[in-house]
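Following: one structure in structure tokens, then a few remarks.
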Amino acid sequence: MFTLTPIRTPLKHLRFFSSSKPDVVVSSAATAADVIDEEDDLIVPTVKTVMMEPTLLQPRVVIYDGVCHLCHSGVKWVIKADKDMMIKFCCVQSKAAFPYLRASGLDRDDVLRRFLFIEDYGLYHQGSTAALKVLSYLPLPYSALSSLTGIPTPIRDAVYDHIAKRRYNWFGKDEDCLVLKEQDLLHRFVDRNEILERSRSKFCSD
């Protein structure tokens, strides 16, 4: 990002330099001394190079309810079916989920109502559409189910919402994000460091 900031400095104190380091102000003036008296003031444009924070958001990430038994089972089913390891996961209750929520303009309650699938930066889906998008990345025969997008969204989401509102009563929930016991699956989780921490805490408490 470049910003032009006029500064006023005596020519005799002017120095010219360049640097590849971030946040460095680089000043320049072409043969100014030839046309302006040394004691005059000179307005010199300065270029400030600002390092943009790189995005750490990954594509194809499922943001799910980590305390829900049904959601947890669904995540494990997708991992088993996803032979090409296209999909990654993140518990909505984790700190690692915050950037994804912020990027999609949603909050935690939105995702607790309808799970979130970040397909790419600026492209996300919720509810039944999210589920079908996830299926589209799986190998056959599962990817064929994505053709159900032909069903009108209000009908699909009505079925989704009916189950989602009753999932705790029907399938149960935990007080905290469920601990993943299969350590070899951790690389599929964006919040794996937090999962490991919860696992250690649970082990110590037991």
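Note that the numbering runs from 1 along the sequence shown for the chain.
- Atom OG of residue Ser104 and atom CD1 of residue Ile63 lie 8.0 Å apart, to the nearest 0.5 angstrom.
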Start with the C-alpha distance between Arg60 and Phe89, add both sets of side-chain angles, then the distance that settles side-chain contact (heavy atoms from CB on, under 4.5 Å), and finish with yes or no. CA-CA 8 Å; Arg60 302 184 303 279; Phe89 306 88; over 6 Å; no
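- Counting heavy atoms from C-beta on, the side chains of Tyr168 and Asp65 come closer than 4.5 Å.
- Summarising the geometry, atom OG belonging to Ser94 is positioned 8.0 Å from atom CZ belonging to Arg108; distances are rounded to the nearest 0.5 Å.
- Between Asp161 and Arg114, at least one side-chain N (NZ, or NE/NH1/NH2) sits under 4.0 Å from a carboxylate O, which counts as a salt bridge.
- Aromatic pair Tyr64/Phe115: centroids not less than 6.0 angstrom apart.
- Atoms NZ and SG, on Lys95 and Cys90 in that order, are 13.0 Å from each other to the nearest 0.5 Å.
- Shown here for Leu132 and Leu145, the closest heavy-atom pair between the two residues is CD2-O, 3.5 Å.
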Under the salt bridge (charged side-chain N to carboxylate O under 4.0 Å, His left out) criterion, do Asp82 and Arg188 qualify, and how do the steps go? CA-CA 11 Å; Asp82 185 15; Arg188 303 293 298 277; 2.6 Å; yes
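- When atom types are taken as modelled, the side chain of Glu119 and the backbone of Lys133 share no donor-acceptor pair closer than 3.5 angstrom.
- Side-chain contact between Arg102 and Pro99: present, with at least one pair of heavy atoms (C-beta onward) separated by less than 4.5 Å.
- In plain terms, the two heavy atoms of Tyr160 and Ser128 that are nearest each other are CD1-N, 3.8 Å.
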Decide side-chain contact (heavy atoms from CB on, under 4.5 Å) for Arg167 and Cys68; before the verdict, give the C-alpha distance in whole Å, the side-chain angles of both, and the deciding distance to 0.1 Å. CA-CA 7 Å; Arg167 67 187 186 276; Cys68 168; 3.4 Å; yes
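- Proximity of Lys165 to Arg113: side-chain heavy atoms (C-beta onward) are nowhere separated by under 4.5 Å.
- Hydrophobic clustering (side-chain heavy atoms under 4.5 Å, transitive across Ile, Leu, Val, Met, Phe, Trp, Tyr) keeps Tyr121 apart from Leu123.
- No donor-acceptor pair closer than 3.5 Å links the side chain of His125 to the backbone N or O of Phe117.
- One finds the CZ atom of Arg192 at 11.5 Å from the CD atom of Glu194 (value rounded to the nearest 0.5 Å).
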Could you walk me through whether Asp174 and His69 pass the side chain to side chain donor-acceptor pair (under 3.5 Å) test, one step at a time? CA-CA 8 Å; Asp174 273 27; His69 288 186; 2.8 Å; yes
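- Annotation: the span from Ile79 atom CD1 to Leu185 atom CG amounts to 5.0 Å, rounded to 0.5 Å.
- Of the candidates Val67, Val111, Leu116, Leu106, Val92 forms a side chain to side chain contact (heavy atoms under 4.5 Å, CB included) with just one, namely Val111.
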In sequence, state the C-alpha distance, the side-chain angles, and the governing distance for Thr149 and Thr129, and then conclude on side-chain contact (heavy atoms from CB on, under 4.5 Å). CA-CA 7 Å; Thr149 51; Thr129 301; 5.6 Å; no
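- Closest non-hydrogen pair, Arg156 versus Ile151, comes out as NE-O, 2.9 Å.
- Nearest heavy atom pair, residue Ser143 against residue Leu138, reads CB-O, 2.9 Å.
- When hydrophobic clusters are built by joining Ile, Leu, Val, Met, Phe, Trp and Tyr residues whose side-chain heavy atoms come closer than 4.5 Å, directly or via intermediates, Trp77 is not grouped with Phe171.
- Around the OH atom of Tyr137, the shell of radius 6.0 Å holds more than 12 heavy atoms that belong to other residues, nucleotides or ligands.
- In the hydrophobic clustering of ILVMFWY residues, with side-chain heavy atoms under 4.5 Å counting as a link, Leu148 and Ile155 come out together.
- Judged by distance alone, the side chain of Gln93 and the main-chain N or O of Gly66 form a donor-acceptor pair under 3.5 Å.
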Determine, step by step, whether Asp107 and Leu101 satisfy the side-chain contact (heavy atoms from CB on, under 4.5 Å) criterion, reporting the C-alpha distance in whole Å, the side-chain angles of both residues, the deciding distance to 0.1 Å, and the verdict. CA-CA 6 Å; Asp107 58 30; Leu101 297 177; 5.9 Å; no
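- Listed for the Asp191 side chain is a donor-acceptor partner under 3.5 Å among the backbone atoms of Cys91.
- At a threshold of 4.5 Å between side-chain heavy atoms, the hydrophobic network of Ile, Leu, Val, Met, Phe, Trp and Tyr places Leu186 and Val75 in one connected group.
- The backbone N or O of Ile163 sits nowhere less than 3.5 Å from a side-chain atom of Arg166 that would complete a donor-acceptor pair.
- By the neighbour-count criterion of 12 heavy atoms within 6.0 Å, atom NZ of Lys88 is densely surrounded, having more than that number from other residues, nucleotides or ligands.
- No side-chain heavy atom of Trp170 sits less than 4.5 Å from a side-chain heavy atom of Leu70.
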